[in-house]
**Student:** 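Pasting a structure here, questions to come.
For ligands, and for the atoms within them, numbers begin at 1 and follow the listed sequence.
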Amino acid sequence: MTIEELRARIDRIDSGLIRLYAERLETAAEIGKYKQEHNLPVFDPAREREVLNKVGAEAGEANENGVRALFSFLMAQSRTSQMLDRKQESELGKLIRRSVEETPKLFPEKAKVACQGVEGAYSQQACEKMFRSPAITYCKTFGDVFSAIESGECEYGVLPIENSLAGSVNSVYDKLLSRKCYIVRSARVKIDHTLLVKPGTKPEDIREIWSHEQAIQQCSDFLSKNKQWQVNVSSNTAAAARMVAESGRKDVAAISSGRCAQLYGLEILKTDIQNNSNNHTRFICISRKPEIYPGADRTSLMLALPDRPGALYQLLGRFNAQGINLTKLESRPVPGKDFEFMFCFDIDASVYSPAFTRLIEELDVTLEKCVYLGSYSELA
Ligand SMILES: C=C(O[C@@H]1C=C(C(=O)O)C=C[C@H]1O)C(=O)O
């Protein structure tokens, strides 16, 4: 047979498959109606197991895995269509729709905002990107930022969530999971580390360096060329700059943003001392209530998957089926549990799109645990 003839045969098989696919979905829709009339849930895991075992056995050893994967996709499609036919919103679907309806159309210009650190911190730059005239309360720790919102002392909080070189800020993710706050906006801030000293200090006078742990890591090449310096960790890059300013010493230097030079009366000895100049940090703005402002095109979720082969593959298949892109996928251990993981997803889809609504309905109904962290837009 020629390739053309073989392809014509494939085309005929495909037409048959399409007809059977539609027929299977129509039958599932009828089952869906029955379930609705009899108050039965859409998802029937026992029946799905039975179907997978049956088709797997029928396919025989050579085709078993492929057939099982195909049928798990087909069954997910029937579930989606049954759920959409119900026109009954899931709890999460309702929360998102209500938040869109109840959130004002404009992001506030003024608000009481909690940031971690001291004046000059990168969190402050992020906060000023988000709010035109914020009233900032500085907190010692990330946990204190959450507490300031929970107690009502502040309306919003600004926290780092991810750095382009160092990756996710895991302690912020863990707190988002354990404390009830939602992401309502995010912003990218370019990180430019500089070496700051008291005016008049010369490079050869320096004996000690102070900075935040991450900044020290990000400037490791520069620091390794100056091994005679003793490197000390401080809680924040801006706190390190303030410490140098207040120390009265001329043998210490801070690694901090250039902005802190003016703020604390310091001199910039060297700019751009980081290993890689493409260094950005993403900051999030959190609030007690989910607020979804116009333009929200990113949604963060944390999902728990059943511990079985193919669970993540099947979930990713749902994103693919809805044509939805992901901008982040990472696993996080569940605090206090041995080797139990949740997956952090950043979904790249407008909250107004039907595909997003369908996906949320599916996830909320079929997954063991789906923690909604918020829908928002990111300021570049
Ligand atoms: C079609 C049904 O609904 C869902 C989809 C299934 C399928 O496509 O085979 C099986 C079980 C249910 O989760 C059904 O209950 O039979």
Side-chain angles (χ1 to χ4, degrees), residues 10 12-97 299 301-324 326 340-343 345 347 349 353-372:
I10 290 236
R12 277 195 302 281
I13 297 170
D14 287 350
S15 299
L17 287 175
I18 293 167
R19 190 177 41 74
L20 290 172
Y21 174 78
E23 215 177 290
R24 194 183 195 285
L25 268 184
E26 280 158 25
T27 314
E30 280 182 46
I31 294 180
K33 271 192 214 116
Y34 176 90
K35 286 180 183 166
Q36 211 170 339
E37 283 158 18
H38 294 80
N39 246 338
L40 294 169
V42 163
F43 183 38
D44 184 341
R47 168 67 182 159
E48 295 208 6
R49 241 186 346 264
E50 183 191 315
V51 173
L52 287 182
N53 290 340
K54 185 175 66 64
V55 295
E58 203 174 316
E61 216 176 307
N63 291 327
E64 181 179 353
N65 289 342
V67 165
R68 285 180 74 103
L70 174 65
F71 274 78
S72 48
F73 175 78
L74 291 175
M75 292 194 289
Q77 290 295 91
S78 353
R79 259 185 269 129
T80 308
S81 85
Q82 288 179 6
M83 259 164 335
L84 294 175
D85 283 349
R86 283 193 172 204
K87 297 194 176 57
Q88 201 182 53
E89 270 178 321
S90 67
E91 283 309 306
L92 178 55
K94 239 181 256 167
L95 177 82
I96 294 177
R97 185 180 48 76
T299 292
L301 296 172
M302 292 193 73
L303 307 175
L305 292 180
D307 185 10
R308 61 163 191 250
L312 181 60
Y313 169 82
Q314 279 166 25
L315 176 65
L316 292 177
R318 304 321 301 152
F319 286 88
N320 184 35
Q322 302 296 351
I324 286 180
L326 287 173
E340 256 187 56
F341 294 90
M342 288 197 82
F343 289 89
F345 285 86
I347 299 172
S353 73
F356 175 78
T357 308
R358 281 197 292 271
L359 182 81
I360 290 296
E361 288 303 314
E362 262 189 80
L363 298 183
D364 201 30
V365 175
T366 48
L367 288 176
E368 277 169 29
K369 194 168 178 195
C370 172
V371 181
Y372 174 69

**Student:** Among protein heavy atoms, which sits nearest to atom 9 (O) of ligand 1, and what does the distance come to when rounded to 0.1 Å?
**Tutor:**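 Looking only at protein heavy atoms, the one closest to atom 9 (O) of ligand 1 is Arg24 NH2, 2.9 Å.
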**Student:** Can you tell me if Arg97 and Thr357 form a side-chain donor-acceptor pair at under 3.5 Å?
**Tutor:** no
**Student:** Taking the basic N atoms (NZ, or NE/NH1/NH2) and the acidic carboxylate oxygens, is any pair closer than 4.0 Å for Glu50 and Arg47?
**Tutor:** yes
**Student:** Using a 4.0 Å cutoff against the non-hydrogen atoms of Ser78, which atoms of ligand 1 qualify?
**Tutor:**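 Near Ser78, meaning under 4.0 Å from one of its heavy atoms, ligand 1 has 7 (C), 8 (O).
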**Student:** So, for Leu25 and Ser81, which heavy atoms are closest and what is the spacing to 0.1 Å?
**Tutor:**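 Shortest heavy-atom contact: CD2-OG, 4.1 Å.
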**Student:** Once you restrict to heavy atoms under 4.0 Å, what part of Gln77 touches ligand 1? Side chain, backbone, both or neither.
**Tutor:** neither
**Student:** Side chain, backbone, both or neither: which part of Met75 comes within less than 4.0 Å of ligand 1 when only heavy atoms are counted?
**Tutor:**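 Both backbone and side chain.
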**Student:** Can you find a non-hydrogen atom of Val42 under 4.0 Å from ligand 1?
**Tutor:** yes
**Student:** Counting distance only, does the side-chain N/O of Asp364 pair as donor-acceptor with the main-chain N or O of Leu92 below 3.5 Å?
**Tutor:** yes
**Student:** Around atom CD1 of Ile13, are there more than 12 heavy atoms of other residues, nucleotides or ligands at under 6.0 Å?
**Tutor:**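 Yes, enclosed.
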**Student:** Tell me the protein heavy atom at minimum distance from atom 4 (C) of ligand 1, and give that distance in Å.
**Tutor:**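 Looking at atom 4 (C) of ligand 1, the protein heavy atom closest to it is Lys35 NZ, 3.7 Å.
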**Student:** Out of the candidates Tyr313, Phe356, Phe345, Phe343, only one should pair with Phe319 under the ring pair (Phe, Tyr, Trp, His ring centres under 6.0 Å) rule; please name it.
**Tutor:** Phe345
**Student:** Where is the nearest protein heavy atom to atom 13 (O) of ligand 1: which residue, which atom, and how far?
**Tutor:**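 For atom 13 (O) of ligand 1, the nearest protein heavy atom is Glu48 OE2, 2.6 Å.
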**Student:** Could you give the distance from CD1 (Ile31) to OG (Ser78), rounded to the nearest 0.5 Å?
**Tutor:** 8.0 Å
**Student:** With heavy-atom distances below 4.0 Å as the criterion, list the atoms of ligand 1 near Phe43.
**Tutor:**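 Every atom of ligand 1 under 4.0 Å from some heavy atom of Phe43: 13 (O).
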**Student:** In the protein, what heavy atom is nearest to atom 1 (C) of ligand 1, and what distance, to one decimal place, separates them?
**Tutor:**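 Nearest neighbour among protein heavy atoms for atom 1 (C) of ligand 1, to 0.1 Å: Gln82 NE2, 3.3 Å.
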**Student:** What protein heavy atom lies closest to atom 16 (O) of ligand 1? Include the residue and the distance to one decimal.
**Tutor:** Ile31 CD1, 3.6 Å
